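Just so you know, these numbers come straight off a predicted model, no measurement behind them.
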Amino acid sequence: MALPTRLPAQVRAGNPRDAILAEIAKREQEKAGSILWRTDIVGIADFGLRSSEPRFHFVNLEAGRVDSYLVTHGSGSDPEHDGWLNWFSNVPESLCTSRGAYMTYGWYTGRFGTSIRLEGLEADNSNALDRAIVMHRADYAEPAHLARWGRLGRSNGCFAMGDADFKLALLQLGGGRVLFADRLGLAADGTTVPRPAQGAGQITPLTPQPPRGEDILNPGVY
């Protein structure tokens, strides 16, 4: 898959994909109900796209705008490190990304600096707090990493973003909003992006080998 022509955050509005994302955002807000503190913006992580694509969407329901950014997935969800998420897991120590709706909490200072705590709202991500699955910044989520390696690095299951993009997340997604993660694979025209057959359709609670190199740090440590 070719690298995006614009490595920084991309803004696309008014296309068929954005209409679908808006409906998903409204649906997840309705499911979460009265526990939410804010309903202006919903985060949607589309792990049906490769990590080289801006696949973390800030769906601003008040402004009618969708802004899209780079985001990582867990090394346990992509053991071959080809940039594609193969499966989700809620299992502790799996190093996997979990699917489902989360609620964002306030900021805290962890190993990667200021980060956002997340609470899983579904059975598929109910261990998020115990697993320290959070949002944070990371060097391996920067556009420069993508330009060099053709894909982002992998987290231990957290939603890691580049520094500039994460600063926007702190302002726009923190404090009682919905974050939804799934394998949607939505292209701008609303169609589904094709992906390699290997690993497709698997939802397996895998416990992989320990990560190496750039993935060794646990970004979710409180």
Side-chain angles (χ1 to χ4, degrees), residues 1 3-4 6-13 15 17-18 20-25 27-29 38 40-61 63 65-75 77-78 83-85 88 96-105 107 112 114-118 120 125 128 133-146 151-175 177-188 192-193 195 219-220:
M1 181 176 293
L3 294 181
R6 291 179 61 197
L7 293 179
Q10 296 186 3
V11 177
R12 306 185 184 99
N15 58 45
R17 181 208 62 188
D18 292 353
I20 297 172
L21 291 173
E23 290 303 313
I24 294 172
R27 180 194 73 196
E28 296 305 319
Q29 283 190 341
R38 296 180 175 89
D40 52 348
I41 299 174
V42 173
I44 298 180
D46 183 357
F47 290 115
L49 301 177
R50 194 169 183 265
S51 68
S52 54
E53 299 297 321
R55 57 183 181 170
F56 195 106
H57 309 296
F58 291 14
V59 183
N60 190 320
L61 296 172
R65 186 181 71 248
V66 176
D67 301 335
S68 303
Y69 305 90
L70 298 170
V71 71
T72 68
H73 53 245
S75 60
S77 293
D78 176 16
W84 290 98
L85 179 142
F88 297 98
C96 287
T97 297
S98 297
R99 67 155 32 118
Y102 300 78
M103 178 174 171
T104 65
Y105 281 140
W107 308 350
F112 278 62
T114 304
S115 306
I116 303 174
R117 283 194 175 93
L118 302 173
N125 61 9
I133 302 300
V134 302
M135 295 185 68
H136 67 86
R137 60 173 55 84
D139 290 343
Y140 56 78
E142 293 286 353
H145 185 102
L146 172 58
R151 63 194 185 282
L152 299 185
R154 302 167 297 173
S155 69
N156 285 357
C158 293
F159 300 83
M161 306 178 74
D163 181 69
D165 296 347
F166 182 69
K167 288 176 180 175
L168 294 175
L170 285 174
L171 295 174
Q172 298 185 32
L173 287 181
R177 295 177 173 91
V178 168
L179 188 166
F180 179 68
D182 205 348
R183 193 159 56 188
L184 304 171
L186 291 175
T192 301
V193 173
R195 51 166 290 134

L21 CG to L61 CG distance, which is reported to the nearest 0.5 Å: 10.5 Å
Interatomic spacing from OG1 in T97 to CZ in R154 - rounded to 0.5 Å: 11.0 Å
By salt bridge (Lys or Arg N to Asp or Glu O under 4.0 Å) - contacts of E28 (at least two apart): K31
Minimum heavy-atom distance R177-L171, with the two atoms named: NH1-O, 4.3 Å
For D182, all residues meeting side-chain hydrogen bond (donor to acceptor under 3.5 Å, both in side chains), sequence neighbours excluded: R99
Shortest non-hydrogen contact between F166 and S115, atoms and distance: CZ-CA, 3.8 Å
Over all atoms of both residues, closest heavy-atom pair of R17 and S68: NH2-OG, 3.7 Å
Heavy-atom donor-acceptor pair, S51 side chain to L152 backbone, under 3.5 Å: yes
Beyond-backbone contact of L186 with H57, side-chain heavy atoms, under 4.5 angstrom: no
side-chain hydrogen bond (donor to acceptor under 3.5 Å, both in side chains) partners of D46, counting only residues at least two apart: none
Residue list, ring pair (Phe, Tyr, Trp, His ring centres under 6.0 Å) with F56, at least two apart or on another chain: F58
Closest contact, heavy atoms only, S77 versus F88: OG-CA, 4.4 Å
Gap between atom CG of L70 and atom CG of L146 - 0.5 Å precision: 6.0 Å
4.5 Å side-chain heavy-atom contact, I20 and L184: no
Listed partners of R55 passing salt bridge (Lys or Arg N to Asp or Glu O under 4.0 Å), at least two apart: none
Residue pair L118 / Y105, side-chain heavy-atom distance below 4.5 Å: no
Check against side chain to side chain contact (heavy atoms under 4.5 Å, CB included), W107 and I116: CA-CA 5 Å; W107 308 350; I116 303 174; 4.2 Å; yes
R50 backbone acceptor or donor facing R151 side chain under 3.5 Å: no
Any donor-acceptor pair under 3.5 Å from D78 side chain to G83 backbone: yes
D139: salt bridge (Lys or Arg N to Asp or Glu O under 4.0 Å) partners, not counting sequence neighbours: none
Check: D40 side chain, N60 main-chain N or O, donor-acceptor pair, under 3.5 Å: no
Under 3.5 Å: donor-acceptor pair, side chain of T72, backbone of A160: yes
Under 3.5 Å donor-acceptor, T192 side chain and G185 backbone: no
Which atom of A25 lies closest to which atom of V42, heavy atoms considered: CB-CB, 3.7 Å
Pairwise side-chain contact, E142 with R137, heavy-atom cut-off 4.5 Å (strictly under): no
Shortest non-hydrogen contact from A181 toward F47: CB-CE1, 3.9 Å
Close side-chain approach of M161 and L168, heavy atoms under 4.5 Å: no
